[in-house]
Amino acid sequence: MQVSMATSAGRAGRPNEDFAGAVPGAAVLLDGAGIPGTESICSHGVAWYTHRLGGALLGRLSRDDGRDLAAILADAIDETAADHRSTCDLTDPSSPQATVAIVRAHQGRLDHLLLADSFLVLDEAGDGPQVITDEREVASRRLCSAPLEGVATGTPEYDRIRESCVRTMRSRRNQPGGYWIAKDDPRAAEEAVTGSRSLDGLAGLALLSNGASRIVSPYDLTDWPGVLGLLGADGPAEVIRRVRQAEARGPVGADAQVPDDATVVHCTHLPRRH
């Protein structure tokens with residue numbers, strides 16, 4: 001399997017909280033989340049968490065034993081939590097967490113796992129791309145933000161309602177009926193979106209963090225077939241470059257007001273069978 005990748009921090013002077021890596025036959029992408037200024041909760045930070053969790057995943061995937069991806073993720077979450085449970089308040093909603101995307105080619109099949117809002121794009125030869133994501137986080141954010149509609153920004157009322165929305169969103173994290181993300185509870189892995197398909201007819205695939213997926217929405221610079229074409233012609237860095245250009249022209253919608261870390265992993269020449 002041939003893998004190319006690119007990543008870019010959203011803002012200068014802040015660490016890139018995304019993580020991407022690959023081992024023979026498998027690749028992972030993590031998009032870290034947390035709140036700046038919460039060092040009293042976790043002294044390590046979000047970038048440390050994503051790199052630690054990503055490394056734990058790659059170590060397990062390198063064994064190429066075909067083990068269930070959700071079980072691999074559960075063990076990696078548990079290991080990473082153990083690495084800082086004695087020094088950090090992992091139960092606090094603001095402690096480091098991350099979306100997770102995993103793909104693995106094994107014995108003629110492609111297995112995938114998605115937890116929270118990263119994207120997997122399958123390049124199916126002769127057909128349009130198949131796009132897979134875990135929609136629950138976006139759906140929860142949309143629901144929790146509904147009370148802000150029509151409220152003028154910059155007003156005390158807006159700030160009061162927004163704080164209430166944030167609390168509501170946090171209360172839905174890793175809860176039935178809400179959304180799931182890698183944090184400190186390995187049981188979240190059981191709730192991941194998973195699947196498996198034959199590698200036959202699959203020309204390649206791409207993983208995108210939500211910062212990179214802005215090229216499709218909200219910026220509408222291209223569609224998913226266009227993303228695959230761009231990756232094939234110019235590689236992952238070009239996708240991110242175009243996102244940064246759009247961000248520099250000004251925000252489009254609430255989800256794009258602040259430049260975000262952006263990462264793309266492109267996999268081609270997928271192995272058919274060992």
For this session: Please identify each residue that fulfils side chain to side chain donor-acceptor pair (under 3.5 Å) with Thr50, with sequence neighbours left out.
Result: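 Residues passing side chain to side chain donor-acceptor pair (under 3.5 Å) with Thr50: none at all.
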
Please examine the side chains of [Y] and [X], heavy atoms only from C-beta on, and report whether any two atoms are closer than 4.5 Å.
X	Y	value
Leu120	Leu122	yes
Glu191	Tyr179	no
Glu137	Thr99	yes
Leu110	Val103	yes
Leu29	Met5	no
Val121	Gln130	no
His44	Arg52	no
Thr153	Arg162	no

Is it true that a side-chain atom of [X] and a backbone atom of [Y] form a donor plus acceptor pair closer than 3.5 Å?
X	Y	result
Thr133	Ser118	yes
Arg244	Ser8	yes
Ser209	Thr263	yes
Arg60	Ala56	yes

Hey, could you give me the [atom1]/[atom2] distance between [X] and [Y], rounded to the nearest 0.5 Å?
X	Y	atom1	atom2	value
Leu207	Ser213	CG	OG	12.0 Å
Met169	Leu143	CE	CG	9.5 Å
Leu57	Arg104	CG	CZ	11.5 Å
His269	Met1	NE2	CE	12.5 Å
Arg214	Asp220	CZ	CG	15.0 Å
Gln175	Trp180	CD	CH2	6.5 Å

For this session: Would you indicate whether Arg187, at its atom CZ, is surrounded by more than 12 heavy atoms from other residues, nucleotides or ligands within a distance under 6.0 Å?
Result: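 Counting other residues, nucleotides and ligands, CZ of Arg187 stays at 12 neighbours or fewer.
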
Exercise. Should we count CD of Gln245 as having more than 12 external heavy atoms under 6.0 Å?
Worked result: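 Atom CD in Gln245 is packed in, count exceeds 12.
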
Are [Y] and [X] linked, directly or through intermediate hydrophobic residues, by side-chain heavy-atom contacts shorter than 4.5 Å (ILVMFWY only)?
X	Y	answer
Leu231	Ile240	yes
Leu115	Val138	no
Leu221	Leu228	yes
Ile102	Val3	no
Val227	Val243	yes

For this session: Measure up the His84 and Tyr49 rings against each other and bin them: parallel (under 30°), tilted (30 to 60°), perpendicular (over 60°).
Result: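 Rings of His84 and Tyr49: tilted, 30 to 60°.
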
Exercise. Should the pair His51 and Phe19 be assigned to parallel (<30°), tilted (30 to 60°) or perpendicular (>60°) ring geometry?
Worked result: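 Ring orientation, 0 to 90° scale: perpendicular.
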
For this session: Pick out which of Asp261, Asp18, Asn16 makes a side chain to side chain donor-acceptor pair (under 3.5 Å) with Thr7.
Result: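 Testing Thr7 for a side chain to side chain donor-acceptor pair (under 3.5 Å) against Asp261, Asp18, Asn16 leaves exactly one candidate, Asn16.
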
Heavy-atom pair of closest approach, residues [X] and [Y]:
X	Y	answer
Arg170	Pro93	CD-CB, 3.9 Å
Pro236	His266	CG-CB, 4.1 Å
Pro271	Leu199	O-CD1, 2.6 Å
Leu114	Ile132	CD1-O, 3.2 Å
Leu270	Gly204	CD1-CA, 4.0 Å
Arg172	Ser140	NE-OG, 3.3 Å

For this session: Given side-chain contact (heavy atoms from CB on, under 4.5 Å), test Leu202 with Glu124 step by step and report yes or no.
Result: CA-CA 5 Å; Leu202 193 59; Glu124 298 182 319; 4.1 Å; yes

Exercise. Under 3.5 Å, is there a donor-acceptor pair between the Asp117 and Asn210 side chains?
Worked result: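 Yes, side-chain donor-acceptor contact under 3.5 Å.
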
Exercise. Do Ser95 and Asp184 have side-chain atoms, one donor and one acceptor, less than 3.5 Å apart?
Worked result: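 The answer is no; no qualifying pair exists.
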
Exercise. What's the verdict on side-chain contact (heavy atoms from CB on, under 4.5 Å) for Asn174 and Gln97, showing C-alpha distance, side-chain angles and the deciding distance?
Worked result: CA-CA 11 Å; Asn174 288 354; Gln97 54 213 263; over 6 Å; no

Exercise. Among Asp68, Val28, Val100, which one satisfies side chain to side chain contact (heavy atoms under 4.5 Å, CB included) with Leu113?
Worked result: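 The passing option is Val100.
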
For this session: Test side-chain contact (heavy atoms from CB on, under 4.5 Å) on Leu230 and Ile215 and set out the steps.
Result: CA-CA 11 Å; Leu230 194 60; Ile215 193 171; 3.9 Å; yes

Side-chain donor-acceptor distances from residues 69-77 under 3.5 Å, at least two apart:
from  : atom 1 : to    : atom 2 : distance (Å)
Asp75 : OD2    : Arg67 : NH1    : 2.9
Asp75 : OD2    : Arg67 : NH2    : 2.7

